[in-house]
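Below you'll find the structure, written out as structure tokens, and then a few comments.
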Amino acid sequence: MAHIDLDDGLPGLRALLDFRPETAGPLGALAETLLRGPGPLERGERELIAAYVSELNGCRFCSSSHSACAAAQLPGGMALVRHVHADPDGAPISAKLRTLLAIAAAVQRGGREVAAEHVDAARAAGATDVEIHDTVLIAAAFCMFNRYVDGLATYAPSDPAAYARIAERLVAEGYANLR
């Protein structure tokens with residue numbers, strides 16, 4: 001049960017945006033820009049970064065919904081996403097994405113955890129400054145989203161099919177109108 005009077009029929013962030021509709025526009029615009037806007041990383045890769053950070057944070061709603069979004073947009077589907085969650089170093093992803101996930105994990109632990117070695121490794125694997133920047137911003141934003149969703153104990157469905165439906169809508173329509 002949520003800590004405040006939320007619509008318990010609405011999962012995760014949607015319940016919070018329904019509660020404070022004036023936050024829906026800015027938060028939706030942020031998610032839209034980070035996960036779907038123009039940028040050098042593929043949408044599925046950006047969703048995977050969001051899902052990975054959310055998994056590290058233990059945010060079931062965000063991890064499940066963004067894992068489903070990543071799976072819908074990556075060739076390896078949910079098997080790949082699960083492999084990344086369990087063993088990013090052994091997952092069948094590019095060396096560049098692997099180094100970006102290491103940067104995202106460092107951000108999840110704390111912003112100052114990102115070291116020159118992380119950035120050097122990403123650059124050596126072919127990452128651009130924009131990709132490094134976007135990875136840090138996605139990771140930082142999802143730490144905030146995760147804490148917002150879990151800090152108010154929002155509803156997280158237990159049925160994986162619910163997240164597949166959420167992903168279908170987000171992949172098709174985006175984040176701009178989250179309410």
Side-chain angles (χ1 to χ4, degrees), residues 1-74 81 84-85 100-101 103-111 113-114 130-179:
M1 175 174 259
H3 294 311
I4 61 175
D5 188 21
L6 299 175
D7 181 342
D8 285 332
L10 294 176
L13 189 60
R14 286 202 51 221
L16 298 170
L17 299 179
D18 185 66
F19 182 79
R20 288 286 301 230
E22 60 274 23
T23 66
L27 291 175
L30 177 62
E32 181 72 17
T33 299
L34 294 176
L35 300 176
R36 294 172 46 92
L41 294 172
E42 297 294 325
R43 288 179 177 178
E45 293 172 326
R46 291 184 266 174
E47 289 284 358
L48 185 61
I49 293 166
Y52 181 61
V53 168
S54 299
E55 181 73 12
L56 292 174
N57 281 326
C59 182
R60 188 176 79 185
F61 174 79
C62 293
S63 175
S64 297
S65 58
H66 293 284
S67 290
C69 286
Q73 298 176 87
L74 292 171
V81 173
V84 167
H85 288 331
L100 294 174
L101 289 171
I103 289 173
V107 171
Q108 182 270 335
R109 292 189 302 275
E113 293 292 317
V114 180
V130 173
E131 290 168 327
I132 293 166
H133 169 276
D134 290 0
T135 296
V136 170
L137 185 52
I138 291 167
F142 273 84
C143 286
M144 183 267 303
F145 282 122
N146 298 160
R147 284 157 179 77
Y148 185 35
V149 165
D150 284 347
L152 290 169
T154 64
Y155 165 63
S158 57
D159 182 5
Y163 297 103
R165 287 189 298 276
I166 290 169
E168 184 177 310
R169 184 176 72 81
L170 290 174
V171 168
E173 298 173 23
Y175 294 88
N177 296 312
L178 285 175
R179 282 193 57 222

Original post:
Should Tyr163 and Cys69 count as side-chain neighbours, where that means a heavy-atom distance under 4.5 Å?
Top reply: no

Original post:
In chain order, what residues pass the side chain to side chain contact (heavy atoms under 4.5 Å, CB included) check against Ala51, with sequence neighbours excluded?
Top reply: His66, Ser67, His85

Original post:
Side chains of Tyr155 and Leu10: does their closest heavy-atom pair fall under 4.5 Å?
Top reply: no

Original post:
Taking only residues two or more places apart in sequence or in another chain, which ones pass side chain to side chain donor-acceptor pair (under 3.5 Å) with Glu32?
Top reply: Arg36

Original post:
Atom CD1 in Ile103, atom CD1 in Ile138: separation rounded to 0.5 Å?
Top reply: 11.5 Å

Original post:
How close do Ala167 and Ser65 get, heavy atom to heavy atom, and via which atoms?
Top reply: CB-O, 4.4 Å

Subject >> Side chain proximity check, Leu41 to Thr135, heavy atoms < 4.5 angstrom >> reply: yes

**OP:** Could you walk me through whether Phe142 and Leu56 pass side-chain contact (heavy atoms from CB on, under 4.5 Å), step by step?
**Re:** CA-CA 11 Å; Phe142 273 84; Leu56 292 174; over 6 Å; no

Original post:
If you take all heavy atoms of Ala70 and Val81, which pair is closest and at what distance?
Top reply: CB-CG2, 3.9 Å

Original post:
Could you state the interatomic distance from CZ (Arg109) to CG (Asn57), rounded to the nearest 0.5 Å?
Top reply: 11.5 Å

**OP:** Any salt bridge (charged side-chain N to carboxylate O under 4.0 Å, His left out) involving residues 139-151? Give me the pairs, sequence neighbours left out, ordered by first then second residue.
**Re:** none

Original post:
So, Arg43 side chain and Gln73 main chain: donor-acceptor pair closer than 3.5 Å or not?
Top reply: no

**OP:** Please round to the nearest 0.5 Å and tell me the distance separating atom CG of Leu48 and atom CG of Leu35.
**Re:** 11.5 Å

**OP:** Please name all residues satisfying side chain to side chain contact (heavy atoms under 4.5 Å, CB included) with Ala161, sequence neighbours left out, ordered by chain then number.
**Re:** Asp159, Arg165

Original post:
Does any pair with a residue in residues 131-145 pass salt bridge (charged side-chain N to carboxylate O under 4.0 Å, His left out), and if so which ones, sequence neighbours excluded?
Top reply: Lys96-Glu131

**OP:** Only counting residues at least two apart or in another chain, list the ones meeting ring pair (Phe, Tyr, Trp, His ring centres under 6.0 Å) with Tyr52.
**Re:** none

**OP:** Taking side chain to side chain contact (heavy atoms under 4.5 Å, CB included) as the test, write out the residues that go with Ala2, two or more places apart.
**Re:** Leu6, Asp8

Subject >> Residues that Ser54 engages under side chain to side chain donor-acceptor pair (under 3.5 Å), provided they are two or more places apart >> reply: Asn146

Subject >> Considering all heavy atoms, the nearest Ser63-Glu55 contact >> reply: OG-OE1, 2.6 Å

Original post:
Looking at residues at least two apart in the chain, or sitting in another chain, which of them share a side chain to side chain donor-acceptor pair (under 3.5 Å) with Ser64?
Top reply: none

Original post:
Are the side chain of Glu113 and the backbone N or O of Gly110 linked by a donor-acceptor pair below 3.5 Å?
Top reply: no

**OP:** For Leu30, enumerate each residue passing the side chain to side chain contact (heavy atoms under 4.5 Å, CB included) test, keeping only those at least two apart in sequence or located in another chain.
**Re:** Leu34, Ala141, Met144, Phe145

Original post:
Can you name the side chain to side chain donor-acceptor pair (under 3.5 Å) partners of Thr154, sequence neighbours left out?
Top reply: none

**OP:** Give the C-alpha distance, both sets of side-chain angles, the deciding distance and a yes or no for side-chain contact (heavy atoms from CB on, under 4.5 Å) between Tyr148 and Thr23.
**Re:** CA-CA 12 Å; Tyr148 185 35; Thr23 66; 4.1 Å; yes

**OP:** Measure the CD-CG distance between Glu45 and Leu101 for me, rounded to the nearest 0.5 Å.
**Re:** 9.0 Å

